[in-house]
Structures are given as C-alpha cells and as structure tokens.
**Q** 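Let me begin by handing over the structure; questions about it come next.
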Number of protein chains: 2
Amino acid sequence: MSETLRQFKAGIFQALAHPTRIAIVETLREGELSAGAIIEKLALEQANVSQHLAVLRTRHIVISRKEGNQVFYTVRDPLLIEVLDIMRSYFQAHIEESVTMLQEFEQMDNTESAKQ
Amino acid sequence: MSETLRQFKAGIFQALAHPTRIAIVETLREGELSAGAIIEKLALEQANVSQHLAVLRTRHIVISRKEGNQVFYTVRDPLLIEVLDIMRSYFQAHIEESVTMLQEFEQMDNTESAKQ
DNA sequence: TTTCTATATTCGAAATATGGAATATATTTG
DNA sequence: CAAATATATTCCATATTTCGAATATAGAAA
C-alpha cells in the first residue's frame with residue numbers, strides 16, 4: 001500500500017483521535033444538528049467546539065450546510081458510526097483491562113505533574 | 001456515553017493515527033511477525049519502529065510474545081481487524097476525494113514554504 | 001445602518017508527539 | 001567470560017495539537 005494512502009488513513013484516525021470529536025460524531029448519530037445544538041448538548045466552549053468541527057470538516061468526516069444564520073452538521077458516512085459501535089463492544093469485551101489502561105495513562109499524567 | 005469510553009476510543013484512534021503504525025498493523029494482518037521482520041519489511045530505522053511498537057503495545061493494539069532473542073507481534077483482537085476492514089471500505093469509498101484532499105494539503109505545504 | 005445572534009478564525013502558551021542518536025537490556029554464540 | 005544479535009529505552013530538538021481569549025464574519029432583526 002502506498003505511503004500516500006497510509007497518510008490519508010492516518011489523517012482520518014487522527015481526526016477521530018480526540019474525546020470531544022468522538023462526542024461530536026456520536027451526538028450526530030441521530031441526524032443533523034446545528035453547531036449551536038452540539039455546543040449545548042456537550043456543554044463546551046463555543047470556540048473549542050468550532051475548532052473541533054473544523055478538524056472534522058477538513059477531514060470530510062462531517063458535512064456542513066448553511067441555513068441562514070446557522071450551520072447544520074451531519075456525519076458524512078454511517079460507516080463511521082458502525083466503527084464506533086464496534087469499538088464499544090471492544091471496550092466492553094475488555095472492560096477490566098481498558099479501565100486499567102486508562103488509569104495507567106492518568107497515573108502517567110500525575111507522575112509528570114509531580115515532577116514539577 | 002461516558003467520558004471514559006470516549007477517551008478509550010480516542011486512544012485507539014490515536015494509536016492508529018500515524019502512517020508507520022498503520023503500516024505495522026497492516027503488515028501483521030497475515031499473522032505473527034518478529035520485530036526484526038517488521039523492520040525489514042518496512043525498511044525503517046530499528047529505534048523508530050520499536051517506538052511505534054511501544055505505542056501499539058501500550059494501547060493493547062498488539063500483543064508481544066518473547067521467544068529467545070526475538071519478540072513476535074500479533075494484532076490482539078479480531079474486532080480490531082474488523083474495524084480496520086470497515087475503515088478500508090471507507091477509504092475505498094472516498095478514495096477519489098482523498099486524492100483531491102491530499103493534493104490540497106500539498107498545495108498548502110507549497111504555500112507555506114513559499115512564505116519563507 | 002446599527003445591533004444581535006450564530007459561527008469561525010487567529011493568536012499565544014502549554015502539552016504532546018515525533019525522529020534520530022546514543023545507550024541499555026537480554027539472549028545466544030564462541 | 002566476551003562478542004554478537006535482537007529489541008527496547010532514554011535524551012533532546014523540533015513539530016504538532018490543544019485550549020481559552022480575543023476577534024472576525026455573515027446573516028437577521030430593529
């Protein structure tokens with residue numbers, strides 16, 4: 001497989017590699033929502049959500065449609081939702097280890113801060 | 001959905017969000033390989049591959065098994081292969097656009113360099 | 001036109017990821 | 001034991017990501 005294709009794939013994964021962006025995609029699971037509605041549902045900063053939406057747009061994970069004042073977003077391909085669903089079963093299948101793993105990451109974070 | 005689950009999913013995507021790590025996982029599609037075999041197939045620096053393997057290990061994307069001098073790697077869970085398969089259809093479905101997108105990125109890079 | 005609302009963009013600081021060079025560790029071989 | 005082999009880890013410089021604050025833009029309403 002070409003390096004170009006691998007870069008493309010990495011870009012898609014990268015676009016999904018943030019909890020907030022995953023939250024956005026899952027919020028859009030039921031269908032179209034305005035940026036404002038997403039912000040409200042997630043209870044996050046407007047600028048922050050907008051930045052994450054920009055990442056998802058650039059990677060064509062979502063499509064945006066402007067209507068008057070608002071911008072409506074949809075997930076472009078349902079396949080992505082399917083992927084997220086599979087990952088949930090994966091998580092559940094390995095729940096014990098998954099929690100341990102996340103705890104280890106937190107532990108690392110604490111160790112880092114402790115150094116200061 | 002819990003923030004924990006979202007972090008977990010983001011972690012998996014993060015682990016796959018690098019061309020070299022994608023190459024490694026795809027190399028392991030056919031089955032187990034030693035670190036050395038992976039390095040040879042990908043024709044990359046030993047240390048570099050080892051670092052990327054460490055990322056994949058930390059995220060439990062791969063499992064390692066030590067036999068004598070060597071360490072053999074496998075992709076841990078068929079569910080992940082399934083994820084990769086779905087992503088593969090996704091990539092194929094959008095390949096045309098991907099090429100366009102990559103061209104745009106190149107364009108951006110050129111613009112960037114031109115600025116210097 | 002001025003103001004209001006919804007959304008996007010820019011900027012700068014802090015955090016994180018990356019790659020190469022050097023070094024460490026463990027195992028086998030002589 | 002010493003040397004060779006396979007792999008992992010550490011260190012350091014650079015690049016990228018992330019967030020909040022401030023600012024910009026575009027459309028709607030007054």
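These numbers come from a predicted model, not from an experiment.
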**Q** What is the distance, rounded to the nearest whole Å, between atom CG of A:N69 and atom P of D:dA30?
**A** 13 Å

**Q** Between P on D:dC19 and CZ on A:R21, what's the gap in Å once rounded to a whole number?
**A** 8 Å

**Q** For a salt bridge (charged side-chain N to carboxylate O under 4.0 Å, His left out) check, start with the C-alpha distance between A:E32 and A:R65, then their side-chain angles and the critical distance, and finish with the verdict.
**A** CA-CA 10 Å; A:E32 195 178 58; A:R65 172 178 76 79; 2.8 Å; yes

**Q** Would you say B:Y73 places a side-chain N or O within less than 4.0 Å of OP1 or OP2 belonging to D:dA8?
**A**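 So the side-chain polar atoms of B:Y73 do come within 4.0 Å of the phosphate oxygens OP1 or OP2 of D:dA8, strictly under.
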
**Q** Answer with yes or no whether A:Q46 presents, from its side chain, a donor or acceptor under 3.5 Å of a partner atom in the base of C:dA6.
**A** no

**Q** Closest approach to the side chain of B:A47, judged atom by atom: which nucleotide of C:dC11, C:dT7, D:dT9 is it?
**A** D:dT9

**Q** With a 4.0 Å limit, can you tell me whether A:H52 has a side-chain N or O closer than that to the phosphate oxygens OP1/OP2 of D:dT17?
**A**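 Checking A:H52 against D:dT17: no side-chain N or O falls below 4.0 Å of OP1 or OP2.
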
**Q** Looking at B:H18 versus B:H52, is the centre-to-centre ring distance below 6.0 Å?
**A** yes

**Q** Does B:F91 offer a backbone N or O that forms a donor-acceptor pair with the side chain of A:K9 under 3.5 Å?
**A**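 No, because the side chain of A:K9 does not come within donor-acceptor range (under 3.5 Å) of the backbone of B:F91.
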
**Q** Of B:V55 and A:V49, whose nearest nucleotide on DNA chain C comes first from the 5' end?
**A**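 So the residue in question is A:V49.
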
**Q** How do A:T20 and A:E67 order along DNA chain D: which one's closest nucleotide is nearer the 5' end?
**A** A:T20

**Q** What is the separation between atom CG on B:L42 and atom P on D:dT7, rounded to the nearest whole Å?
**A**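 Answer to the nearest Å: 13 Å.
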
**Q** So what does B:F72 touch, heavy atoms closer than 4.0 Å: a base, only the sugar-phosphate, or nothing?
**A** nothing

**Q** Over how many whole Å does the gap from B:L53 atom CG to C:dT18 atom C1' extend?
**A**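 Whole-Å distance recorded here is 15 Å.
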
**Q** Among D:dT7, C:dT18, C:dG20, which nucleotide has an atom closest to any side-chain atom of B:N48?
**A** C:dG20

